[in-house]
Amino acid sequence: MKLDELLKNIQPIEIIGDAKAEITGVNIDSRRIENGHLFVAMKGTQVDGHKFIPKAIELGAKAVLCEDMPEERVEGVTYVKVESTEDAVGKVATLFYGDPSSHLTLVGVTGTNGKTTIATLLYNMFRKFGYKVGLLSTVCNYIDDKPVPADHTTPDPIELNALLSEMVKAGCEYAFMECSSHAIHQKRIGALKFKGGIFTNLTRDHLDYHKTFENYRDAKKAFFDGLGKDAFAITNADDKNGMVMVQNTKATVKTYSVRQMADFRAKLLECHFEGMYLDIDNHEVGVQFIGKFNVSNLLAVYGAAVMLGKTPEEILVAMSTLHSVNGRLEPIHSPKGYTAVVDYAHTPDALENVLNAIHEVLNGKGHVITVCGAGGNRDKGKRPLMAQEAVKQSDTVIITSDNPRFEEPQDIINDMEAGLNAKQMDKVITIVDRKEAIKTACKLAQKGDVILVAGKGHENYQDIKGVKHHFDDHEILRDIFATQTED
C-alpha cells in the first residue's frame with residue numbers, strides 16, 4: 001500500500017521524502033521491522049521509540065512516523081511528523097489491514113471484573129449457534145477454533161488489526177473483545193468499529209497507571225463515548241458508575257440488574273458447587289456457574305445476545321451448556337471431601353465476590369481457607385485492602401507470593417499485613433513459597449471445607465525478576481490430590 005493512502009485518516013504536520021513510497025508492513029517494534037515497513041515511533045511509558053529509528057532503518061524501514069523529526073535523516077527514507085503517534089498508529093494500522101472491524105460484528109467488554117468471563121462466554125455461545133467467531137481476551141485469543149497466545153488484555157493497534165484481519169479471512173462473522181482501561185487510554189482500539197459495548201463494574205484497580213480512580217473511570221467511559229448511534233451499550237445498573245458510563249454515548253442504552261428494575265433482569269433461585277438455577281426475564285435456566293457476580297455476568301451475556309438478534313429461548317438453551325472460564329471460580333474436588341477453588345481474583349472487590357460466592361454455597365457448613373498474595377510493581381494501595389477482605393471472610397488466610405516481578409515477595413506480604421490488626425493477624429499464616437502455601441492449605445482442610453487459591457487463575461507462570469517460571473495453581477492442586485485417598 002502506498003504511504004499516502006495509509007495517512008489519509010491523519011493530519012501530518014510535515015512529510016520529508018516520498019509520500020508515494022510502497023509500504024509492505026507497519027510496526028511499532030523496531031526488532032520486527034522488515035524491508036519496506038513503516039516504523040511508528042511511540043513514546044511509551046517505559047521507553048521512547050524514537051531512540052530506535054536508526055535501528056528500524058538499518059533493518060529496512062522505508063518510512064518513519066514520529067512526533068519528533070530526527071535531525072539526521074537517511075536518503076530514501078520518508079519521515080512523517082504527527083502530533084501524536086499514539087493517536088495515529090491505530091488509524092494507520094486499520095487502513096493497512098483493510099479496516100477489518102467494519103467486516104465483523106465486534107462487541108467490546110470493559111469494567112474491572114468479569115471482562116474475560118463475558119467475552120469468552122459470548123464467543124462460546126455464538127460458536128454453539130453455528131457461527132465462526134473471534135475472541136480477544138486476557139487468557140487467549142481465538143480465530144474461530146485456532147488459539148493465538150495473549151500477552152496483554154488488549155494487543156497493540158497493529159497486532160490487534162492483524163488479528164481482526166485474520167478473523168475476517170477465516171470467515172468469522174462475530175468477534176468479542178476485552179477492552180482494558182490501558183488500551184482505551186492509549187487509543188489502541190480508537191479506530192475500531194464496535195457494534196456494541198458492555199460495562200461490568202468499576203472498583204479500584206490499575207491506580208499505579210491511572211493515578212486516580214476518576215482517571216480510571218474516565219478511561220472506561222471513553223469507550224462508550226466513542227460508540228456510534230448504530231451500536232448498543234449495555235450497562236450494569238447495580239454498579240454506581242453504570243449510568244455514568246453511558247451518559248454521553250450515542251449508542252442505544254440497555255441496562256441489566258439483579259437488584260432492581262432494568263431491561264434485563266435475573267434472580268438466583270438455587271446455588272451449589274456444581275451450578276445454579278436462575279430466573280432470567282421470567283425464564284428458568286440451570287447453569288454450570290456459581291456466585292451472584294456470575295449471575296450478573298451471565299445476564300450481560302444474555303442481554304448482548306438479545307441485542308445481537310437472538311431469541312431468549314435459544315440463548316438460554318446455549319447458556320445451560322456453557323462452562324466456567326479457565327481460572328475463574330473453578331472448583332477442583334479433593335478425594336478427602338473438601339473443595340479447592342482457583343480464581344483470578346486480584347482486586348479487593350474480586351476477592352470479596354469470590355468469597356461471597358463460596359459462602360453462598362457453604363451456607364455456614366464448612367471452613368474457608370484463603371491462599372492469596374498481590375502482584376509486584378503494581379498498585380500498592382490495594383495490598384492491605386486485599387488482606388482485609390481475605391481475613392474478613394476466611395477462617396484462615398495464608399498470605400503468599402503472587403507475581404512479585406521486580407519486588408521482594410516478603411516486602412509485598414509486609415504491605416498486605418500492614419492493613420491488619422493483631423486480632424486479624426491471629427488468622428494469618430505467612431508462607432512466601434506459593435507451592436508450600438497451597439500444600440499447607442491442603443493439610444489444614446477438612447471434609448466440607450473450601451480452599452480458595454486466588455490471584456493467578458489461568459496463569460501458568462510466576463513472574464520473578466523479569467523471568468516467567470512455570471507455575472500453575474491447578475497443577476499443584478491436582479498433584480496433591482493425586483496422592484490422597486478418600487476418607
Aromatic contact, Phe199 with Phe223 (centres under 6.0 Å): no
Determine the interplanar angle of the Phe126 and Phe129 rings, folded into 0 to 90°, and report it as parallel if under 30°, tilted if 30 to 60°, perpendicular if over 60°. perpendicular
Nearest atoms (heavy-atom pairs only) where Gly111 meets Lys115: O-NZ, 2.8 Å
Taking only Lys NZ, Arg NE, NH1 and NH2, and the carboxylate oxygens of Asp or Glu, determine whether Asp29 and Arg31 approach each other closer than 4.0 Å. yes
Could you tell me if Asp349 and Asn113 have a donor-acceptor pair between their side chains, going purely by distance under 3.5 Å? yes
Counting heavy atoms not belonging to Phe293, are there more than 12 under 6.0 Å from its CZ? yes
Measure across Ala56 and Ile33 and return the closest heavy-atom pair with its distance rounded to 0.1 Å. O-CG2, 3.3 Å
Going through the distances and angles, do Leu192 and Leu160 end up as a side chain to side chain contact (heavy atoms under 4.5 Å, CB included)? CA-CA 10 Å; Leu192 302 184; Leu160 187 48; 3.7 Å; yes
For Lys55 and Ser30 the tightest heavy-atom approach is CG-OG, 4.2 Å
Do Thr200 and Asn236 make a side-chain contact, defined as non-hydrogen atoms from C-beta onward lying under 4.5 Å apart? no
More than 12 non-hydrogen atoms from neighbouring residues, nucleotides or ligands closer than 6.0 Å to CD on Glu14, yes or no? yes
Atom NZ of residue position Lys310 - does it have more than 12 heavy atoms of other residues, nucleotides or ligands inside 6.0 Å? yes
Would Arg127 and Asp144 count as a salt bridge (Lys or Arg N to Asp or Glu O under 4.0 Å) if you check the C-alpha gap in whole Å, the side-chain angles of each, and the deciding distance to 0.1 Å? CA-CA 8 Å; Arg127 291 196 75 225; Asp144 196 27; 3.2 Å; yes
Ile118 side, atom CD1; Thr110 side, atom OG1 - distance, nearest 0.5 Å: 10.5 Å
pair Leu59-His37: side-chain heavy atoms closer than 4.5 Å: no
Only one of Val26, Val92, Asn161 clears side chain to side chain contact (heavy atoms under 4.5 Å, CB included) with Tyr97; which? Asn161
Closest approach of Arg217 and Val244, non-hydrogen atoms and distance? CD-CG1, 4.2 Å
Side chain to side chain, Leu227 and Phe232, heavy atoms closer than 4.5 Å: no
Could you give the distance from SG (Cys172) to NE2 (His103), rounded to the nearest 0.5 Å? 13.5 Å
Tell me whether the count of non-hydrogen atoms from other residues, nucleotides or ligands lying under 6.0 Å of CD in Gln288 goes above 12. yes
Return the CG to CG distance between Leu121 and Asn294, rounded to the nearest 0.5 Å. 8.0 Å
Please evaluate residues Glu86 and Lys43 with respect to the criterion side chain to side chain contact (heavy atoms under 4.5 Å, CB included), reporting the C-alpha separation (whole Å), side-chain torsions for both, the decisive distance (0.1 Å), and the verdict. CA-CA 8 Å; Glu86 185 177 76; Lys43 289 185 177 179; over 6 Å; no
Can a side-chain donor-acceptor contact be found between Thr94 and Asp99 if the only test is distance below 3.5 angstrom? no
Which of parallel (below 30°), tilted (30 to 60°) and perpendicular (above 60°) describes His458 and Tyr344? tilted
Can you tell me how far NZ of Lys8 sits from CG of Leu3, rounded to the nearest 0.5 angstrom? 13.0 Å
Determine, for Lys250 against Asp230, whether the closest basic-nitrogen to carboxylate-oxygen distance falls under 4.0 angstrom. no
Inter-residue atom distance Leu385.CG - Thr347.OG1, 0.5 Å rounding: 10.0 Å
Have a look at Tyr131 and tell me which of Tyr174, Phe176, Tyr123 forms a ring-ring contact (aromatic ring centres under 6.0 Å, His included) with it. Tyr174
Can you check side-chain hydrogen bond (donor to acceptor under 3.5 Å, both in side chains) on His469 and Gln462, steps first, answer last? CA-CA 5 Å; His469 303 267; Gln462 251 193 318; over 6 Å; no
Derivation and outcome, side chain to side chain contact (heavy atoms under 4.5 Å, CB included), residues Arg73 and Ile16: CA-CA 9 Å; Arg73 294 183 289 274; Ile16 299 175; 3.7 Å; yes
Check: Asn201 main-chain N/O paired with Asp239 side-chain donor or acceptor under 3.5 Å: no
With the threshold set at 4.0 Å, does a side-chain nitrogen-carboxylate oxygen contact exist between Lys62 and Asp18? no
Report yes if some heavy atom in the side chain of Arg434 is under 4.5 Å from a heavy atom in the side chain of Asp473; otherwise report no. yes
Against the six-membered ring of Tyr461, is Lys456 placed for a cation-pi contact (under 6.0 Å from the centre, within 45° of the normal)? yes
Verdict with supporting geometry, Glu67 and Thr85, side-chain hydrogen bond (donor to acceptor under 3.5 Å, both in side chains): CA-CA 6 Å; Glu67 293 176 23; Thr85 49; 3.0 Å; yes
Would Asp281 and Arg265 pass as an ion pair if we require N to O under 4.0 Å? no
Heavy-atom closest pair (Ile198 atom, Ala300 atom, distance to 0.1 Å) is CG2-CB, 4.0 Å
Is there a side-chain contact between Thr24 and Leu38 in this structure, where contact means two heavy atoms from C-beta onward sitting under 4.5 Å apart? no
Measure from the side-chain N and O atoms of Lys193 to the backbone N and O of Pro100, and report whether any donor-acceptor pair falls under 3.5 Å. no
Measure from the side-chain N and O atoms of Tyr79 to the backbone N and O of Val74, and report whether any donor-acceptor pair falls under 3.5 Å. yes
For residues Gly375 and Asp402, report the shortest heavy-atom separation together with the two atoms involved. N-CB, 4.1 Å
Salt bridge (charged side-chain N to carboxylate O under 4.0 Å, His left out) partner of Glu407, chosen from Arg378, Lys465, Arg383: Arg383
Lys/Arg-Asp/Glu bridge criterion (N-O < 4.0 Å) met for Glu166, Lys169: yes
Taken to the nearest 0.5 Å, the spacing of Thr138 OG1 from Asn326 CG works out to 12.0 Å
Go through the steps to decide whether Leu477 and Ile438 satisfy the test side chain to side chain contact (heavy atoms under 4.5 Å, CB included), and finish with yes or no. CA-CA 7 Å; Leu477 287 163; Ile438 295 170; 3.7 Å; yes
Is there a side-chain hydrogen bond (donor to acceptor under 3.5 Å, both in side chains) between Lys221 and Asn248? Walk through the geometry before answering. CA-CA 9 Å; Lys221 182 179 177 294; Asn248 300 117; 2.6 Å; yes
pair Leu106-Met177: side-chain heavy atoms closer than 4.5 Å: yes
Strictly below 4.0 Å, N to O, side chains only: are Asp87 and Lys187 in salt-bridge contact? yes
Is there a side-chain contact between Gln260 and Asp238 in this structure, where contact means two heavy atoms from C-beta onward sitting under 4.5 Å apart? yes
Using a 4.5 Å cut-off on heavy atoms from C-beta on, say whether the side chain of Leu452 contacts that of Val371. no
Decide side-chain hydrogen bond (donor to acceptor under 3.5 Å, both in side chains) for Gln186 and Asp156; before the verdict, give the C-alpha distance in whole Å, the side-chain angles of both, and the deciding distance to 0.1 Å. CA-CA 9 Å; Gln186 294 167 7; Asp156 71 60; over 6 Å; no
